[in-house]
Enquirer: 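Submitted below is the structure of interest, expressed as structure tokens.
Just follow the structure's listing: the first ligand is 1, and inside any ligand the first atom is 1.
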Amino acid sequence: MFPIEAPTTLDKGLIAIAEKVRNGIRITEEDGLLLFEKGELGFLGSLANEIATRLHGNKVYFNRNFHIEPTNVCVFTCNFCSYSRQYKHRDDGWEMSMEQMLDIVRRYDGQPVTEVHIVGGVHPKMNLEFFCELLSKIKAHRPDLHLKGFTAVELEYMFRKAKLSVREGMTKLKEAGLQSLPGGGAEIFHPDVRNVICADKVDGTGWLEIHQTAHELGMHSNATMLYGHIEKYEHRIDHMSRLRVLQDVTGGFNCFIPLKFRNKDNDMAHIAEVSIIEDLRLYAIARIFMDNFRNLKAYWPMLGRQTAQLTLSFGVNDLDGTIDDTTKIYSMAGSEEQTPSLSTEQLCDLIEAVGKTPVERDTLYNELKVYTPATA
Ligand code: V47
Ligand code: SF4
């Protein structure tokens, strides 16, 4: 525990924040900004770790999932994206047929995966009807698989093309078997940044409306933030604050996932990636600021497994999953994880090496198995 009573050279504002956190008082946006400006690594880590330990003890969650990326053809032109191809250049990309995607699902027959994560580019010809059919076929084949799919960006386009309201479109997907939304497409909500890095896709208000509607229909979702490019600390706080406000209203977010900007082969390649110190500071501040998000996830295929392992001492309590090698969005953007695949044993070793206990969870964070050295 950080010794707030001991003589210290710490900024008085930081001491006041530590006291608030200890007394369960929510910190303000100004406090959050002060943490970014003045909070040094050890202070932030100790406070964030204290919160994570209070919530989860020593436990670190992961799930067994696999990804389907239907296409990388996309009508949008986000400057940070290394992965998408325009429709006119679709021969350089991929477009999966229904059968190809069902083949991926069949590949996991008999394997103990609990979730499929379906996210891709926004293809002008893959519409709501196509995805409803995909979802219902997956459900028919494997009813126990939790279907998590489609960013708010994909959904906004699908519903607009189908001339349906968000509620109508979401209801159709839910009836077809969709259970949760992943957190992608959030980037940075503030228009000063969004209009520069991804001007043509759904705006921050639209993203939040889609997640709110999903929550109102009884579905859960995740939230992300793409950090470490042109955004300022104020924009990060604004982003996290908007999520915190919605979470107060609906309680429907399962977790928050900061995503580190990677700079290979995209229109923002001239921007240097932030340091690991900045990564760790950000994770810790997210844990301290987002007091109504129980789970903070480090997505290791993007961060790299060693940095992800370090985040476990900075408030993170979830390492996502054991992911197969079909996930291309990060390897194409420069992540050192070129073939992001970790066996359950490797993931457990990684967690145990920092003195934590691996726990397998399902999408909704129900505990499925606690791994002790004897059970692994
Ligand atoms: O929205 C794209 C990001 C996201 C880059 O909900 C980039 O469980 C860094 O949202 N550098 C899609 N990031 C992936 C996503 C996700 C991933 C894992 C788990 C979950 C979940 C959601 O990927 C995009 C964007 O923010 N992204 N390009 C890049 N160059
Ligand atoms: Fe399309 Fe998503 Fe890439 Fe943006 S980040 S261009 S929406 S695939």
Enquirer: When you measure from the centre of the six-membered ring of Tyr233, is the NZ or CZ of Arg236 closer than 6.0 Å and no more than 45° off the axis?
Expert: no

Enquirer: Please list, in number order, the atoms of ligand 2 under 4.0 Å from a heavy atom of Cys78.
Expert: 4 (Fe), 5 (S), 6 (S), 7 (S)

Enquirer: Hey, does Glu187 sit under 4.0 Å from ligand 1 if you only count heavy atoms?
Expert: yes

Enquirer: Could you check whether Asp109 and His141, counting side-chain N and O atoms only, form a donor-acceptor pair closer than 3.5 Å?
Expert: yes

Enquirer: Would you say Glu154 and Thr151 are linked by a side-chain donor-acceptor pair, where the criterion is simply a distance under 3.5 Å?
Expert: yes

Enquirer: Restricting to salt bridge (Lys or Arg N to Asp or Glu O under 4.0 Å), what partner residues turn up for Glu367, sequence neighbours left out?
Expert: Lys59

Enquirer: Should you measure from each heavy atom of Lys201, which atoms of ligand 2 turn up under 4.0 Å away?
Expert: 4 (Fe)

Enquirer: I'd like to know whether ligand 1 has Lys148 as a neighbour, heavy-atom separation below 4.0 Å.
Expert: yes

Enquirer: Which of the numbered atoms in ligand 2 are below 4.0 angstrom from a heavy atom of Gly121?
Expert: 8 (S)

Enquirer: Check whether any N, O or S atom of Cys81, backbone or side chain, sits closer than 2.8 Å to atom 3 (Fe) of ligand 2.
Expert: yes

Enquirer: Sequence neighbours left out, what pairs pass salt bridge (Lys or Arg N to Asp or Glu O under 4.0 Å) with at least one residue falling in residues 176-197?
Expert: Glu187-Lys201

Enquirer: Once rounded to the nearest 0.5 Å, what's the spacing between atom OH of Tyr299 and atom CG of Leu259?
Expert: 8.5 Å

Enquirer: Using heavy atoms and a threshold below 4.0 Å, how should the contact between Ser84 and ligand 2 be classified: side chain, backbone, both, or neither?
Expert: side chain

Enquirer: May I ask you to identify, for Thr151, whether its side chain, its backbone, both or neither come under 4.0 Å of ligand 1 on a heavy-atom basis?
Expert: neither

